[in-house]
Amino acid sequence: MDKKEDKKPKTFKERIEAIRTTRWIRFGAVALIYTLWVAWMGNWALLLGLVLLFDIYITGYIPFTWWKQSKNKNVRSVMSWIDAIVYALILVYFVFAFLGQNYQIPSSSLEKTLLTGDYLFVNKTVYGPRVPMTPVNFPLVHNELPMGLGKSYLDSPALSYHRLKGLRNVELGDIVVFNFPAGDTIMSKVQNPDYYTLVNTYGREAVLANKDVFGEQIYRPVDRRENYVKRCVGLPGNRFKITDGVVYIDGVAQPQPENVQFNYYFQMNGPLTEKEWKELDVAVDDRHQIPVGPNDLGNVAAMGFVVNEDGKVPPIYMSPLTEEMKKKLQSMPGFMVLAQTLPAEGEGLFPEGLSQHWTLLNYGGEDGILIPAKGMTVELTPENWSLYERPIRVYENNPTAHMGKDGKVYINGNAADSYTFGMDYYFMMGDNRDNSLDSRFWGFVPEDHVVGTPWRVIVSFDKDRSIFNGGIRWNRIFKDANPDKGQ
């Protein structure tokens, strides 16, 4: 038997007396932090975890550090690395779950407020962190492990929605990170667009039957759905509509975000150079030249664009522009004509049926749409069922709710002429208004999908440039990620 084992304290008293003062201090600090976390969680049963912490730091009955007594040097070396990694992963888990985490901007829906290639730190404490609904997960990835190793989480155990106390509620103008509400169902081989978009495009039977193309149908829990980032333009209980591109809340026009963009056609007397595109600050993916054939000349002239006497048409482009970009464009020597694009009616807007005459610039009809709020009761009619069906049926877990052939709504088998909502809901939109898939297409964002709000841009990469030629946007490092709205 090893001599060290002979000298190892055996009784509780001996174990306590063998602990150094510094070890007690470390335990006290950890215990205090843990107790404050339990108070924040509001679940005092979690204080039982102090027993485990006491054993880890003080008594040592559970042999977590057995490897330190090993005679094998390789075992001690490998296990020391594993021990450090496990501690680091536990720390990362708690930071990501309750304080904040990094997030990459993958699309241009919020340009020029947030740019494609921005890496953000998302603050979860502002609205209160959401207790993980799938608590057993690998902390460094969202829903899929790298290299096709499968899901990064276990479906069981699963916890009900609960949000800890935050600094404030979501406010108008906030940029918000949330789980994509329509992302509850995806196809394994075509995860973007989501299942519902694929069904609307190809039909449900075609999507489910063609597994070689679309793969298997997969359900994702709320906190494992894809992260989206948009601006909150409508709060619970608000009556929301858009008229000529301006948002109205309860009949009052709201100020536009500083960097709001709309699509414009513009004509120049000659081709734009790379230098001129950069001066306009238009991303490569947003530079579109409109082809004009002989049969298009009449329409081009009717839109106010110039057609030369010889039938040739100076180049016409289409790009999203802010007010500042418009002024810069109009001051260029070669500028000729500027015209805002007019989106077509319908365009798959939410809600289906009610929105056939709405557009991205004129949305919500004459009266606007009423955003659900917790405790708010609405009358259920054939006219508004398409507006509230998904919140009632999916988000508030009434899967059998439906509109009967008699024009009545049935919930849990019973006819219902009204419904009282159990959660708050929000309306989210991108600042790049004509190029953003947002609430105008897929509806309300439930409160249990809200993750947090961006705090700062950590670093930003321009995918259109090399690292040594402006690929790193140095002027965006630690830039406020929510410039139109203080936190």
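Note that this is a predicted model, so its numbers are computed, not measured.
Not a single donor-acceptor pair under 3.5 Å links the side chain of D174 to the backbone N or O of V176. A donor-acceptor pair is defined here as one N or O able to donate and one able to accept, closer than 3.5 Å; no such pair exists between the side chain of S355 and the backbone of W358. A distance-only check finds a donor-acceptor pair linking the side chain of Y363 to the backbone of F350 [under 3.5 Å]. Judged by distance alone, the side chain of H402 and the main-chain N or O of T400 form a donor-acceptor pair under 3.5 Å. Although no hydrogens or angles enter the test, the distance criterion places no donor-acceptor pair under 3.5 Å between the side chain of S436 and the main chain of N432. Side chain of T185 to main chain of Y219: no donor-acceptor pair is present (N/O by atom type, distance under 3.5 Å, no hydrogens or angles). Checking side-chain atoms of Q261 against main-chain N and O of D431 turns up no donor-acceptor pair under 3.5 Å.
Across I249 and G234, no two heavy atoms sit closer than the pair CD1-CA, 4.2 Å. Nearest approach of F98 to P132, heavy atoms of both residues: CZ-CD, 4.0 Å. Taking each heavy atom of K124 and F96 in turn, the nearest pair found is NZ-O, 2.5 Å. F444 and P391 make their closest contact through CD1-CG, 3.9 Å (heavy atoms, listed as atom of the first residue, atom of the second, distance). Considering every non-hydrogen atom in both Y317 and L272, the closest pair reads OH-N, 3.0 Å.
Under a cut-off of 6.0 angstrom, the local environment of CZ in R23 is crowded, with over 12 non-hydrogen atoms contributed by other residues, nucleotides or ligands. When the shell of 6.0 Å around CD of E352 is examined, it contains 12 or fewer heavy atoms from other residues, nucleotides or ligands. Around the OH atom of Y61, the shell of radius 6.0 Å holds more than 12 heavy atoms that belong to other residues, nucleotides or ligands.
For K374 and E396, the salt-bridge test fails: no basic side-chain N is under 4.0 Å from an acidic carboxylate O. A salt bridge links D184 with R390: the closest approach of a Lys/Arg side-chain nitrogen to an acidic carboxylate oxygen falls below 4.0 angstrom.
Side-chain contact between W455 and V126: absent, with no pair of heavy atoms (C-beta onward) separated by less than 4.5 Å.
Side-chain contact of E389 with S386: a donor-acceptor pair under 3.5 Å is absent, judged by distance alone. Between the side chains of Y161 and E447, at least one donor N or O lies within less than 3.5 Å of an accepting N or O.
The aromatic rings of F178 and W442 sit tilted relative to each other, their planes meeting at an angle between 30° and 60°. The aromatic rings of Y425 and Y395 lie tilted to each other, with the angle between the two planes from 30° to 60°.
Residues passing the side chain to side chain contact (heavy atoms under 4.5 Å, CB included) test with D285, sequence neighbours excluded: K463.
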> Would W24 and Y57 satisfy side chain to side chain contact (heavy atoms under 4.5 Å, CB included), going step by step from the backbone distance to the final call?
Replying inline: CA-CA 8 Å; W24 279 104; Y57 281 90; over 6 Å; no
Please report, to 0.1 Å, the donor-acceptor pairs under 3.5 Å made by any side chain of residues 135-151, with sequence neighbours excluded.
from	atom 1	to	atom 2	distance (Å)
N137	ND2	T134	O	2.8
N137	ND2	P135	O	3.4
H142	NE2	R225	O	2.6
N143	ND2	R224	O	3.0
N143	ND2	E226	OE2	3.1
E144	OE2	R220	NH2	3.4
K151	NZ	D155	OD2	2.4

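The salt bridge (charged side-chain N to carboxylate O under 4.0 Å, His left out) with D118 is formed by just one residue from the set R456, R476, K479, K112; it is R476. Of the candidates I371, L370, V233, N238 forms a side chain to side chain contact (heavy atoms under 4.5 Å, CB included) with just one, namely I371.
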